[in-house]
Protein chains: 2
Amino acid sequence: MIFTTKAEYGVRLMVELGRQSGARTATSLKVIAESEALPLAYLERIVALLKKAGLVESTRGAHGGYRLSRSPEEITMDDVILALEGSVAPMNCFVDDTDGSSRVLCSHEADAGQGCATKLLWMRVQGGVMEKLQQTTLAELVAFSHRENTPPPTERENLTHA
Amino acid sequence: MIFTTKAEYGVRLMVELGRQSGARTATSLKVIAESEALPLAYLERIVALLKKAGLVESTRGAHGGYRLSRSPEEITMDDVILALEGSVAPMNCFVDDTDGSSRVLCSHEADAGQGCATKLLWMRVQGGVMEKLQQTTLAELVAFSHRENTPPPTERENLTHA
DNA sequence: TTCAATCCTACCAACGGGGTCGGAGATGAA
DNA sequence: TTCATCTCCGACCCCGTTGGTAGGATTGAA
Ligand code: FES
Ligand code: FES
């Protein structure tokens with residue numbers, strides 16, 4: 001399993017916020033939790049990561065909630081995933097324990113001038129993942145998840161009922 | 001963390017076998033375990049996965065050991081990783097519990113005809129990983145880790161003894 | 001027959017993931 | 001002013017998986 005549910009829930013949350021990015025009013029976590037059937041208390045901890053990364057803004061108090069700090073088109077998924085997972089590392093020698101970033105701490109490199117056999121592979125894989133993440137914007141995911149939201153106006157009834 | 005140490009150790013093991021793919025005699029796990037400083041008993045379980053996948057062959061008994069069943073150039077890393085990890089799934093909704101393969105069991109798809117918001121993202125990421133794995137051959141990794149092994153034929157004696 | 005190897009199963013400790021709880025500040029509405 | 005909602009924050013807990021060990025059975029060369 002590459003990603004944890006933090007990433008899954010966090011992406012879902014972002015998509016939900018992306019849907020409402022036009023709205024004036026912030027969206028409360030409670031609404032999102034119910035609409036996506038996710039545990040509220042857990043979501044609170046997840047959205048904190050997104051906030052720390054500057055991807056969402058919050059207003060406290062009654063009628064408060066969260067909204068995107070940029071438009072969905074300007075948010076690439078590598079920012080989102082990095083904020084949620086800390087790093088996208090194929091192996092633990094890729095994650096810097098101090099700050100959680102993705103520096104390569106290959107312990108086998110210094111040995112006898114030998115190249116670490118696996119490093120080449122992991123680097124490529126990580127590159128492949130990061131590439132795909134950078135190429136994907138939140139706006140795309142929002143569009144992809146359009147249900148009865150902006151449907152091709154025909155055959156609405158196929159969706160609502162069989 | 002995308003991959004477990006199974007993948008790490010397994011790849012190291014394959015590289016080590018790849019180095020000796022010219023040799024007549026099979027290589028024992030003990031030798032590999034010592035040269036790579038990996039726990040022997042654990043390696044036994046790992047190599048079993050590789051054997052089940054048909055990537056290595058074994059001869060039992062004294063002076064037995066393992067050798068590659070194909071040449072390193074013909075072995076792509078997706079086979080290796082798949083054999084070791086079972087599947088490369090970005091999320092558990094991608095792994096079929098019955099056989100461990102990588103079918104997509106998206107539980108959010110049927111809902112009201114809505115596309116699962118995250119599916120698009122995970123599919124792309126998985127595609128990126130698989131692509132990189134397929135593009136990388138064992139031979140490349142062996143070459144990358146070339147130390148004094150297939151050295152410009154001088155100074156052989158450095159290896160056999162100091 | 002002895003030794004060195006593969007093979008196989010069961011067992012175990014530790015860690016991280018996934019989640020809950022309780023409470024402490026904001027803040028608008030009644 | 002009070003109250004209902006929110007965001008925020010830390011501690012806590014359960015449990016599956018990972019990483020690894022132990023012990024043996026089987027095979028085959030010397
Ligand atoms: S030890 Fe992991 S890349 Fe070298
Ligand atoms: S539930 Fe995971 S892809 Fe839809």
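All chains are named by letter (A, B, ...) in the order of the sequence lines, taking the proteins before the strands, and each is independently numbered beginning at 1. Nothing here was measured: the structure is a model prediction, and the numbers come from that model.
- The distance between atom CZ of Phe3(B) and atom C1' of dG19(D), rounded to the nearest whole Å, is 18 Å.
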Check residues 76-90 of chain A and write down every donor-acceptor pair under 3.5 Å in which the side-chain atom is one partner and the other belongs to a residue at least two apart or another chain.
{"residue": "Thr76(A)", "atom": "OG1", "partner": "Asp78(A)", "partner atom": "OD1", "Å": "2.5"}
{"residue": "Glu85(A)", "atom": "OE2", "partner": "Thr4(A)", "partner atom": "N", "Å": "3.2"}
{"residue": "Glu85(A)", "atom": "OE2", "partner": "Thr4(A)", "partner atom": "OG1", "Å": "2.7"}
{"residue": "Glu85(A)", "atom": "OE2", "partner": "Ala7(A)", "partner atom": "N", "Å": "3.3"}

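- Looking at residues two or more places apart in sequence or on another chain, you find a side-chain contact (heavy atoms from CB on, under 4.5 Å) between Glu34(A) and Lys30(A).
- Using a 4.5 Å heavy-atom cutoff, the side chains of Ser145(B) and Val15(B) are in contact.
- Summarising the geometry, the separation between CE on Met1(A) and C1' on dT17(D) is reported as 10 Å, rounded to the nearest angstrom.
- Position along DNA chain C of the nearest nucleotide to Gly61(A) versus Ala62(B) favours Ala62(B) as the more 5'-ward residue.
- For DNA chain D, the residues of residues 41-60 of chain B within the heavy-atom distance limit of 4.0 Å (strictly under) are Ala41(B), Tyr42(B), Arg45(B), Arg60(B), sorted by number.
- Contact annotation: Tyr66(A) does not reach the phosphate of dC6(D) (side-chain N/O to OP1 or OP2, under 4.0 Å).
- In this structure, the side chains of Lys6(A) and Tyr9(A) stay at 4.5 Å or more apart for every pair of heavy atoms.
- Within the structure, every side-chain polar atom (N or O) of Thr4(B) is placed at least 4.0 Å from both OP1 and OP2 of dT18(D).
- Counted within 6.0 Å of CE on Met123(A), heavy atoms from surrounding residues, nucleotides or ligands total 12 or fewer; the atom is thus considered open.
- Here the C1' atom of nucleotide dG19(D) and the NZ atom of Lys6(B) are 8 Å apart, to the nearest Å.
- When DNA chain C is scanned 5' to 3' for any atom under 4.0 Å from a heavy atom of chain B, the first and last hits are dA4(C) to dA10(C).
- For Glu57(A), the salt bridge (charged side-chain N to carboxylate O under 4.0 Å, His left out) criterion is met by Arg67(A), not counting sequence neighbours.
- To the nearest angstrom, C1' of dG20(D) lies 16 Å from CD of Glu8(B).
- Side-chain atoms of Glu16(B) and Val142(B), non-hydrogen and from C-beta on, never get closer than 4.5 Å to each other.
- Rounded to an integer number of Å, the gap from CG of Asn92(B) to P of dC15(D) is 18 Å.
- Not a single ring pair (Phe, Tyr, Trp, His ring centres under 6.0 Å) links Tyr66(A) to another residue, sequence neighbours left out.
- Computed from coordinates, the His63(A) NE2 to dA4(D) C1' distance equals 10 Å when rounded to whole Å.
- A salt bridge links Arg124(B) with Glu140(A): the distance from a Lys NZ or Arg NE/NH1/NH2 to an Asp or Glu carboxylate oxygen falls below 4.0 Å.
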